[in-house]
Structures are given as structure tokens and as C-alpha cells.
There are 2 protein chains.
Amino acid sequence: MGHSQAEKRQTHERIVNVAAKRFRERGIEGISIADIMKEVGATVGGFYRHFDSRDDLVAEAVAVAFEDMDTWKNKTRKNLRSGIKTYLSAAHRNELTTSCVFSSLSTDIHRSNSQTRELFTERLRGDLELLESMIRPELDSNRRPKAMVLYSSLIGALELARATSDEKLARQILSGVTDELVELFCPADE
Amino acid sequence: MGHSQAEKRQTHERIVNVAAKRFRERGIEGISIADIMKEVGATVGGFYRHFDSRDDLVAEAVAVAFEDMDTWKNKTRKNLRSGIKTYLSAAHRNELTTSCVFSSLSTDIHRSNSQTRELFTERLRGDLELLESMIRPELDSNRRPKAMVLYSSLIGALELARATSDEKLARQILSGVTDELVELFCPADE
DNA sequence: ATTATCTATAGATCTATAGATAATGC
DNA sequence: ATTATCTATAGATCTATAGATAATGC
């Protein structure tokens with residue numbers, strides 16, 4: 001007991017990081033503050049010196065969770081085909097704790113407060129803009145709806161592949177959708 | 001108090017129907033048995049003469065919730081274009097209580113028990129088969145992955161349109177994805 | 001007599017707070 | 001003196017059960 005301000009900042013960060021993982025894994029209501037604090041290596045009592053309420057943690061944790069997608073966005077910016085393959089990879093399907101917020105928390109966010117929904121919307125806009133700029137840049141004039149189809153497919157396919165209990169079907173969805181999306185939206189020479 | 005067996009059957013059915021609605025609206029953990037029973041017009045105490053556990057209700061309610069999609073499947077069987085339009089309509093976006101289970105409970109089901117996940121998988125297979133049979137039946141040889149893209153897009157687009165706090169963006173997603181999917185997967189003369 | 005439902009409650013769990021403890025930092 | 005965290009707990013809520021009540025159905 002008795003810790004420095006620097007340590008407090010570290011604790012705060014660890015709480016948010018653990019929450020960002022576990023929320024995606026178990027859903028926003030799927031883990032208690034006590035369990036999050038236990039994983040951090042602390043106790044419930046300290047939590048409320050870091051956050052006014054559970055909702056405040058949710059907002060911060062979702063923001064941090066979205067940042068995990070920045071690596072993916074950079075990869076996609078360089079090469080759309082590899083962005084699609086990464087998004088629909090077995091690794092992304094299995095690694096819930098670091099996965100895309102849209103795929104792991106879509107329904108939770110739909111039921112969430114307006115602050116969280118607005119953050120979601122802002123991120124969605126950014127992702128759509130990126131995809132729009134990557135779709136056959138020189139060929140198609142009306143790329144926005146195509147970017148929407150592409151993004152919807154990525155998210156929907158990943159969710160279906162996760163929810164099904166049939167491992168083989170899951171793999172077929174991931175590989176089938178990957179191939180189709182690459183064919184539809186990636187210039188042939190890329 | 002003191003009711004007939006026929007009344008019990010009705011009560012059972014009402015419990016399942018209320019649960020099928022509220023689970024889709026608020027998530028599977030989003031409503032308590034007490035609140036479900038209150039909406040049914042009964043009390044908690046009676047619940048366990050109908051179900052061994054909460055999980056049993058979840059399994060039955062999800063099964064019933066899936067049946068709401070049978071109307072949509074019949075419509076789609078007749079005309080793919082009108083199936084797409086109905087799925088991505090504002091009405092389907094707004095009416096959570098009767099909406100497609102894949103769109104309203106995908107992450108909940110992913111975290112659910114194997115019985116529920118297997119029911120989900122069975123339904124998914126059926127829906128994919130239907131869509132496969134409807135995609136340009138005479139034109140394309142490899143329709144299965146295309147059906148997967150179509151279904152993923154439908155589910156993903158509906159979820160994004162629900163989760164965003166920007167009403168205008170939501171409408172753009174629904175109409176944009178509808179137009180693209182119709183163009184991609186519906187024979188021109190339909 | 002049996003049973004469908006009710007009232008009441010046990011036991012678990014969760015959010016949030018109160019007060020104690022042991023360091024930090026002026 | 002201030003503060004970051006701890007222990008302990010209040011108050012709310014949720015699942016599940018026990019026992020009472022008032023009908024049904026042999």
C-alpha cells in the first residue's frame with residue numbers, strides 16, 4: 001500500500017487493458033469489476049479512485065480496444081488483399097481478446113450509452129473511408145457502397161465463423177468469403 | 001391459482017415468446033427471469049415448474065426466435081431481391097424483438113452453450129443452402145462462397161446500421177449495401 | 001390427490017462506498 | 001498532509017428453492 005502517482009497511472013492503464021481484453025472475450029457484462037481488478041493484481045476498493053463508474057471504464061476500454069485495429073488499418077492501407085486475409089484469418093477468429101471491436105462487441109455497443117456509440121460511429125467512418133480509398137481506386141466511381149459491402153462481409157463472416165459449432169463450416173466461411181472479396185474488390189495485379 | 005394443464009401449456013408458451021423477444025432486444029443476459037415472468041403476468045416462483053434452469057429457457061427461446069425468420073425465408077425463396085430488401089429494411093433494423101437471431105444475438109450465441117450453438121449452426125446451414133440456390137441459378141458454378149458473402153453482408157450491414165449513433169450513416173449503409181447486393185447477386189430481369 | 005402458481009427467502013454475486021493502512025511528496 | 005490501495009460491507013439484484021394456496025382431474 002501507499003504508491004506513487006506514476007504507479008497509479010500504470011494501474012489505471014492495466015485496468016483499462018485488462019477490461020479491453022475481457023470485454024471482447026466475454027461481452028461487456030461478462031466480467032465483474034472485482035474480477036478485472038483481481039487480474040490486474042489489485043482489489044475492488046481501489047477501482048473507484050480510477051473511475052467514477054463502471055460505464056466510465058467501458059468507454060475507456062472500448063476506446064483502447066479500437067486502437068488494436070490500427071495495426072490492421074496500416075496493413076490494409078498498404079495492401080487491401082492482405083488486409084482482407086488478415087481480418088478473416090483463423091488467428092483473428094480465435095484471438096477474441098485482441099480482435100476487432102465491431103466483430104466482438106457489435107450487439108453490446110448497440111445496447112450501450114451514446115458516448116460509446118459515438119466512438120464506434122467515428123471509428124466506423126474512418127474504416128469505411130480507408131476501404132473506400134482502397135477499392136479499385138482507378139476503376140470505380142461509386143466506391144462508397146462497395147466499401148460498405150466489403151466491411152459488412154468481413155464483420156458478418158467473422159461473427160458467423162465464431163458462432164458456429166462446426167469447425168469445418170467456420171473454415172469454409174473464412175476461406176470462401178476471403179476469396180470472393182479479394183476477387184470482387186482487389187485489383188487483379190495486387 | 002390452481003390452473004389446468006391447458007393453461008400451463010399456454011403459460012409455458014408465453015414465457016418462451018416473451019423471452020424470445022426480450023433476449024433479442026436486450027441480449028440473453030439483459031433481462032431477468034423475474035422480469036420475464038412479470039411480463040407474462042406471473043411470478044418467479046412458477047418458472048421452475050416449466051424449466052429446469054435459465055439455460056433451458058434460453059435454448060427454447062432461441063429456437064422460437066429462429067422461427068420468426070421462416071417468413072423471411074419463404075419470401076426470399078420466391079424472390080431474392082425482395083429478400084435482400086426486407087432484410088436490410090428500416091423496419092428490420094428497428095424491430096429488434098422479432099429480428100433475425102444472427103444479427104441480434106451473434107456474440108451472445110458465440111458465448112453460449114453447445115446446444116444453442118448447434119441450433120444456430122443448423123439454421124445457418126439451411127439459410128446458406130437457400131441463398132446458394134437463389135444466386136443466379138443458371139449462371140454461376142461456384143455459388144456457395146457467394147452465398148456466404150451475401151449472408152455475411154446482410155448480417156454485418158444490419159449490425160452496423162443498428163450500432164451506429166448516426167441515423168444518416170445507418171440509412172446509407174442499409175440502402176448502399178442493398179443496391180450493391182442486388183446488383184451482385186440478383187439476375188437482372190428479376 | 002395432484003398440480004399450477006403464489007409468496008417468501010436463501011445464497012450468490014455485483015456495484016459502489018466507508019474507513020483503515022502505509023506509502024509518497026510537499 | 002496527502003493519497004493509492006486495502007479490507008469490509010451496505011444495498012441491489014439474480015437464480016433457484018421451500019412451503020402455502022387454490023384450483024383441476026381422477
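Since the structure is predicted, the reported quantities are computational estimates derived from the model, not experimental observations.
Checking the phosphate oxygens (OP1, OP2) of C/dT5, a side-chain nitrogen or oxygen of B/His50 falls inside 4.0 Å. Side-chain nitrogen and oxygen atoms of B/Thr11 include at least one within less than 4.0 Å of the OP1 or OP2 phosphate oxygen of C/dT5. Applying the 4.0 Å criterion to OP1 and OP2 of D/dT17, one finds that B/Tyr48 has every side-chain N and O outside that range.
Crowding of A/Lys38 atom NZ: a count of heavy atoms from other residues, nucleotides or ligands under 6.0 Å not exceeding 12.
Using a distance-only test at 3.5 Å, with no hydrogens or angles considered, no donor-acceptor pair links the side chain of B/Ser112 to the main chain of B/Ile109. Judged by distance alone, the side chain of A/His50 and the main-chain N or O of A/Val16 form no donor-acceptor pair under 3.5 Å.
Residue contacts for B/Ser32: at a heavy-atom cut-off of 4.0 Å it reaches the sugar-phosphate backbone alone, with no base atom in range.
By the 30° and 60° cut-offs, the orientation of the rings of A/Phe102 relative to A/Phe120 is perpendicular.
Distances were taken from every side-chain heavy atom of B/Ser4 (C-beta onward) to each of D/dA4, D/dT24, C/dC6; the shortest belongs to D/dT24. Closest to the B/Arg49 side chain, of the nucleotides C/dT5, D/dA4, D/dA16, is C/dT5.
In this structure, B/Asp52 and B/Gln5 both approach DNA chain D, and ranking their closest nucleotides by distance from the 5' end singles out B/Asp52. Nearest-nucleotide mapping onto DNA chain D: of A/Gly46 and B/Val44, the residue sitting toward the 5' end is A/Gly46.
For B/Arg54, there are no salt bridge (Lys or Arg N to Asp or Glu O under 4.0 Å) partners, not counting sequence neighbours.
Salt bridge absent: B/Arg22 and B/Asp35 never bring a charged side-chain N and a carboxylate O closer than 4.0 Å. The residues B/Asp68 and B/Arg24 are annotated as salt-bridged, a charged nitrogen and a carboxylate oxygen being separated by less than 4.0 angstrom. Between A/Glu167 and A/Arg93 a salt bridge is recorded (basic side-chain N to carboxylate O distance below 4.0 Å).
Separating the CD1 atom of A/Ile15 from the P atom of C/dA16 is a distance of 14 Å, rounded to the nearest angstrom. Taking atom CZ of residue A/Phe47 and atom P of nucleotide C/dC14, one finds them 14 Å apart after rounding to whole Å. Look at NE2 on B/His3: it is 6 Å from P on C/dC6, rounded to the nearest Å. Rounded to whole Å, the distance from CD1 on B/Ile33 to P on C/dT5 is 15 Å. Counting to the nearest Å, the C1' atom of D/dA23 and the NZ atom of B/Lys8 are 14 Å from each other. For A/Asp35 and C/dT13, the CG to P distance is 10 Å, given to the nearest whole Å. Rounded to a whole Å, the NZ atom of B/Lys38 is 10 Å from the P atom of D/dT13. As rounded to whole Å, 11 Å separates atom P of D/dT5 from atom CZ of A/Arg9.
DNA chain C lies under 4.0 Å from at least one heavy atom of each of the following residues of residues 53-61 of chain A: A/Ser53, A/Arg54.
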Pair pattern of DNA chain D in dot-bracket, where unpaired bases get dots and | marks partners in another strand, Watson-Crick or G-U under 3.5 angstrom: ||||||||||||||||||||||||..

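In this structure the side chain of A/Arg143 never reaches within 4.5 angstrom of the side chain of A/Met134, judged on heavy atoms.
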Test log, rule side chain to side chain contact (heavy atoms under 4.5 Å, CB included), inputs B/Leu124 and B/Leu128: CA-CA 6 Å; B/Leu124 175 58; B/Leu128 285 175; 4.1 Å; yes

